[in-house]
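Written below as structure tokens is the structure these notes are about.
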Protein chains: 2
Amino acid sequence: MTKLTSLKSEKRLLDRRAADQIRSHILEGVLPAGERLLETQLSEELEVSRGTVRSALAQLANEGLVQQVAFTRWEVSGTSTVDAWEIYTLRGALEGLGARLAAANVSETDGMRLRAIADDLLHAIREGRFQDATGIDFDLHAAIIELARHERLAEQHRFIVQQVRFHMVQSGFLPNDYEELIAEHKALIEAVIAGDADRAEKLARNHNDAEVKLLAKLLKQGGSAKPIREKAS
Amino acid sequence: MTKLTSLKSEKRLLDRRAADQIRSHILEGVLPAGERLLETQLSEELEVSRGTVRSALAQLANEGLVQQVAFTRWEVSGTSTVDAWEIYTLRGALEGLGARLAAANVSETDGMRLRAIADDLLHAIREGRFQDATGIDFDLHAAIIELARHERLAEQHRFIVQQVRFHMVQSGFLPNDYEELIAEHKALIEAVIAGDADRAEKLARNHNDAEVKLLAKLLKQGGSAKPIREKAS
DNA sequence: TTTTGCTTGATTGTCAGCAATCAGCAAACA
DNA sequence: TGTTTGCTGATTGCTGACAATCAAGCAAAA
């Protein structure tokens, strides 16, 4: 008899699965910013009741992907330049902490794992598979965070990375210097492996600085805080 | 005519208000860790339907105050030493970022406001009103975060501070050296007012270090990860 | 022409009831 | 006597229907 696996993962609550579906539609850009979401329509498409859809939307609102105008409407959130600046600065702080803790915990096998992922990333870029590269990039950062053995940090990180993806989809934001990206990753994981907490933290934080500075500059000159859609106050 | 204020704040949705009530009961220690929460009982006490209670509990679960065992029960979460370590390390990272940004934004009047709050704190401690002092302490940190003009950071900070309160209620955790507390605050706000971002960040992060070190030590020797209540995996 | 008040259709907020699931206990069995 | 199996009461998950609210359009008044 083959080993049995828990059914619990299958038996995810209906509202969670509804949220999963809507979330992936949003993150794939099928539902653009500002798109109105009707509870009845979603409930018909997903073949669940409105209450269940409602619960799903509430979750997505917590994740910042959707916003609610009470008694009136749900809509897909828009990410402005200000939002992007917030997302990247927060990411820097979280990954800084993560890298610091990871450097304190790292083992031999962990180090090999990190190098392997970095290698994957290198190949993806060299072969021009930039879509894959983006995913592997996120994986690498997630792997470092995992080493921190910090559940809350990991959760916040998943959350903020999701917002990064969200922003990238909406704005078409992409890295513009892949060689530098590779070099930065290399330096970061070597610092982690070497157990140099201070350096690892610093590198992790600097890793977002290019984007942050660009965004800060845009904010100063442009001033158009919410180009995509006005946020309800 | 006096300035009119939006009625929207009054017209909070029922589930939010239900969450508010349950939340304050938890944060005041009326509902201790591990306490079972029955949907029907809560719905009777709050005089709302079970669905509304359910929505409220889902919110509190997102905030980490409550946890759900699917198909079985809701219960008040317990905070272990590991949890406390996570909370304080995260707080350090967030307040570090906040202090750094605040130092870059601070104005004359902001500085006066900070000094006024610090003064309140000093008086509360000198007069032995330690309950008040704790509240003012939180206010001071929140005021610094507010200067960062960073909506997401502010939200995460509210969230983590709430967890700090939660842990303090459950464990009876209290500052043990109020003089040092005052000195640290003084140094921090002066660094912010001086616009010294590096120093402000460093001081904000060090501010939690005493607790973090104590907790790390407890973890190493004790090893009892979850003294209050086992977390569902 | 602009403002005000009303009506209406659509949408969200809330409720009460049915279905699915679980923990605990008692009977049956070895 | 210890273990398994089936039942039962209790509790959560989900649904459909009703109530509250809103925006939009139109007509009457200013």
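Residue numbering restarts at 1 for every chain, and letters A, B, ... go by the order of the sequence lines. This structure is a prediction, so every number in the text was calculated from the model and none was measured.
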Sugar-phosphate, base or nothing in reach of B:Arg36, heavy atoms under 4.0 Å: sugar-phosphate
Value in whole Å for how far the P atom of D:dT12 lies from CZ of B:Phe71: 12 Å
Protein-nucleotide distance (B:Leu57, atom CG; D:dT11, atom C1'), rounded to Å: 13 Å
Separation of atom CH2 in B:Trp74 from atom C1' in D:dT12, rounded to whole Å: 9 Å
Partner residues of B:Trp85 under the ring pair (Phe, Tyr, Trp, His ring centres under 6.0 Å) criterion, sequence neighbours left out: A:His150
B:Tyr88 and B:His167 aromatic ring geometry - parallel, tilted or perpendicular at 30°/60° bounds: perpendicular
Contacts of type salt bridge (Lys or Arg N to Asp or Glu O under 4.0 Å), residue A:Arg100, not counting sequence neighbours: A:Asp198, A:Glu201
Residue-level proximity of residues 37-53 of chain A to DNA chain C when a heavy atom falls under 4.0 Å: A:Leu37, A:Leu38, A:Glu39, A:Arg50
With A:Glu211 via salt bridge (Lys or Arg N to Asp or Glu O under 4.0 Å) - residues at least two apart: none
Spacing between A:Arg73 atom CZ and C:dA10 atom C1', to the nearest angstrom: 13 Å
Distance, rounded to the nearest Å, where B:Gln68 contributes CD and D:dT12 contributes P: 10 Å
Protein-nucleotide distance (A:Arg12, atom CZ; D:dC14, atom C1'), rounded to Å: 17 Å
Results of salt bridge (Lys or Arg N to Asp or Glu O under 4.0 Å) for A:Asp132 - residues two or more places apart only: A:Arg129
Sequence-distant partners of A:Glu63, side chain to side chain contact (heavy atoms under 4.5 Å, CB included), two or more places apart: A:Arg23, A:Leu60, A:Leu65, A:Phe159, A:Gln162
First encountered from the 5' end of DNA chain D, between A:Leu14 and A:Thr72: A:Leu14
